[in-house]
Amino acid sequence: MRLEAHVRGSIEEALERMGVPAPHEVPVERPQRSEHGDLTSRIAFPLARSVRRSPQELARQLAEQLDGETPFSEVSAVDGFLNFRMAPIPLGEVVRGVIIDGESYGSSDEGAGRPLQIEFVSSNPTGPLTVGHGRQAALGDVLAELLAQRGWHVTREYYMNDEGHQIVMLARSLWARYRQALGDAVPVPEDGYQGDYLAALGEELAQQWGDRYPTWTTEAEGEIRVFAVERMMAVIREDLQAMGVAFDVWTREGDLHRRGLVAETLEALADRGAVYEREGARWLEATAHGLSRDPVLIKSDGTPTYIMVDIAYHMDKFRRGFERVIDVQGADHVDTQRQVKLGLKLLDVPDTFLDYCIHQFVTLKGAEGVQRMSTRAGRFLRLSDLVEELGRDVFRYFMVMRKPSSHLNFDYALAKDTSMENPVYYIQYAHTRVASVLREAQRTGELPASLVEVDLSPLTDEAERALILELDRFPEVLASAAHGYAPHLVCEYLEDLAGLFHPYYSRVRVLGQGAATPARLALLASVGLVLRRGLTVLGLSTPEEM
RNA sequence: GCGCCCGUAGCUCAGUUGGACAGAGCAGCGGCCUUCUAAGCCGCAGGCCGGGGGUUCGAAUCCUCCCGGGCGCGCCA
């Protein structure tokens with residue numbers, strides 16, 4: 001049983017004995033200071049008014065009621081707070097629980113296997129992925145894993161935008177590179193893609209095609225487009241693979257058009273009277289629903305906008321049977337998110353269907369100061385280069401260690417030179433130390449055949465109690481990280497756990513300590529297991545030695 | 001100008017549905033390796049939580065105004 005459940009249950013029983021109606025949920029928290037107990041409740045504050053007693057008085061009475069209860073070694077009332085110190089038995093049960101649950105410790109069946117889709121990266125196939133995409137790739141991937149841990153059946157999906165103006169610009173830019181390779185002085189269009197990654201492809205086309213397309217024609221565009229998109233997608237897949245991110249489904253914009261979904265969705269919106277014509281374009285009636293402006297759905301040249309296609313795409317997701325969809329997107333999409341949500345609402349999709357995880361951008365700190373990356377201008381840091389240089393583990397960790405809503409300050413030089421101060425190594429090193437002791441215990445014959453059976457009562461050291469309390473917290477951390485779309489909480493947690501373990505390891509000897517040894521081995525095994533669980537959720541490796 | 005996000009130690013950031021004297025890592029200063037890996041551990045120092053008002057028994061947290069930074073603002077995605 002989780003420690004919180006002991007506290008909550010005991011308080012509810014005590015209130016009943018006192019004839020005080022319990023609130024729907026009894027608040028139980030982890031105090032910041034250890035003097036305030038292992039767990040604490042401020043139940044007396046909300047209840048004081050209804051029973052016409054002061055919080056202090058009510059807390060005192062509750063403490064009196066609870067002080068003899070078995071799960072607690074001490075219950076005290078301080079300034080209206082009710083502070084609990086847990087007895088050795090429930091603490092030992094935490095360790096035993098971790099060992100019994102094993103690789104499923106901290107997971108839940110809240111999602112009950114219901115289908116959930118998470119769409120992320122979805123970068124246009126116009127160039128390699130950059131550090132900015134890296135944040136989204138790591139965020140989305142970890143978020144997907146977190147929701148899977150909560151029992152959802154998760155689909156990772158990449159939306160591939162292989163139509164529209166940007167793709168034409170890509171093809172036009174590549175054609176220029178192709179002509180350049182043949183000796184023509186054709187410049188890459190000013191608003192085209194300037195990056196030199198297209199130059200190599202241009203060379204390739206020149207060799208393959210010779211002088212087949214001397215001028216920019218519809219035919220040239222058609223063929224170059226297909227070639228360019230396939231090549232760019234291959235590059236993006238490689239970049240994702242380097243990060244250890246794999247998608248279950250790839251959806252192409254072109255397919256949505258071919259299946260008639262865009263036209264169908266537009267018609268449905270028009271049937272609702274939400275579409276009007278002006279200046280040769282077709283618009284969505286959005287200001288009438290509280291938005292700041294009306295977006296264009298169909299441009300005056302007859303082609304659909306990104307918003308239009310995205311509404312159609314999300315209608316498709318809805319029909320595919322997902323109960324929830326989460327899109328991970330950058331902060332520059334906030335306006336369009338509202339527009340898409342409005343479109344879905346008009347088409348009777350429940351408001352809870354689509355949710356966004358919005359993240360701020362990665363800023364690079366260099367000698368020239370902060371610089372915004374731009375794929376179009378060819379000014380970017382390739383994701384794959386960085387992953388290769390830092391290692392997958394370090395890169396992924398750095399991308400998710402901050403709250404998504406905050407800017408991620410990525411100091412390239414520091415990240416490269418982190419061997420001594422890197423939290424990733426700090427956490428992984430804790431894991432290897434556990435493994436090392438267990439190996440040694442195996443060698444000396446001190447490792448019990450079954451850690452579940454071990455007597456855990458010798459775990460009375462304050463550092464051991466602190467570690468156990470931290471282990472007990474892991475399920476809550478996974479839950480809040482999943483609910484709040486906040487993978488960084490897992491990072492913080494692992495740093496805290498490792499931060500408790502290293503000092504303990506340095507001070508307290510495990511092997512050759514008589515009755516304490518099996519208990520400490522069980523504790524170490526459970527610490528190692530939770531570290532491994534956390535690292536795995538983040539998609540990092542769990543080395544046995546370093 | 002309008003909308004959204006952010007402003008906490010020298011730096012990078014945490015801070016649970018408002019709660020008990022504000023936390024971590026790094027940088028700085030001083031210690032610790034004959035014993036399960038010193039990629040570690042221990043100690044010291046460091047803060048009007050951007051600023052003013054308000055709500056509350058209680059505010060870094062909620063409301064309001066101001067200052068500073070990021071992103072976006074009808075046919076790019």
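What you see is a predicted model; the values in this text were computed from it and never measured. We name chains A, B, ... by the order of the sequence lines, and we start the count at 1 in each one. Reckoned from all heavy atoms, side chains included, excluding hydrogens, waters and symmetry mates.
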Identify the pairs formed between an N or O of the protein and an N or O of nucleotides 42-47 of chain B at a distance under 3.5 Å, and give each distance.
none

Applying a 4.0 Å non-hydrogen cut-off, can you work out what [X] is touching in the nucleic acid: base, sugar-phosphate, or nothing?
| X | value |
| --- | --- |
| T444(A) | nothing |
| E29(A) | base |
| T336(A) | base |

- Note on the structure: From CD1 of I427(A) across to C1' of rC26(B) the rounded distance in Å is 15 Å
- Message: Can you measure D327(A) atom CG to rA77(B) atom P for me and round it to whole angstrom units?
- Response: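 Answer to the nearest Å: 17 Å.
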Nucleotides 1-7 of chain B: which of its N/O atoms have a protein N/O under 3.5 Å away?
unit_1 : atom_1 : unit_2  : atom_2 : d
rG3(B) : O2'    : R338(A) : NH1    : 3.2
rC5(B) : O2'    : Q360(A) : NE2    : 3.3
rC5(B) : O2'    : S405(A) : O      : 2.8

- Message: Each nucleotide in nucleotides 30-35 of chain B should get exactly one letter: B, S or -. Can you fill that in based on protein heavy atoms under 4.0 Å?
- Response: -----S
- Query: Would you say D301(A) has more than 12 foreign heavy atoms packed within less than 6.0 Å of its CG?
  - Reply: yes
- Task: Only counting residues at least two apart or in another chain, list the ones meeting side chain to side chain contact (heavy atoms under 4.5 Å, CB included) with T287(A).
- Result: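 T287(A) satisfies side chain to side chain contact (heavy atoms under 4.5 Å, CB included) with D294(A) only.
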- Message: Which is it for rC33(B), anti or syn, if anything within 90° of zero counts as syn?
- Response: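 Here the answer is syn: the torsion falls within 90° of 0.
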With 3.5 Å as the limit, what N/O pairs link the protein to nucleotides 20-23 of chain B?
unit_1  : atom_1 : unit_2 : atom_2 : d
rA20(B) : N6     : T40(A) : OG1    : 2.9
rA20(B) : N6     : N83(A) : OD1    : 3.1
rA20(B) : N1     : N83(A) : OD1    : 3.2
rA20(B) : N1     : N83(A) : ND2    : 3.1
rC21(B) : N3     : R33(A) : NE     : 3.4
rC21(B) : N3     : R33(A) : NH2    : 2.9
rC21(B) : N4     : R33(A) : NE     : 2.5
rC21(B) : N4     : R33(A) : NH2    : 3.4
rC21(B) : N4     : E35(A) : OE2    : 3.1
rG23(B) : OP1    : R33(A) : NH1    : 3.0

- Note on the structure: Correct closest heavy-atom pair for C491(A) and L538(A) would be SG-CD1, 4.0 Å
Polar atom pairs (N or O), protein with nucleotides 57-59 of chain B, under 3.5 Å:
none

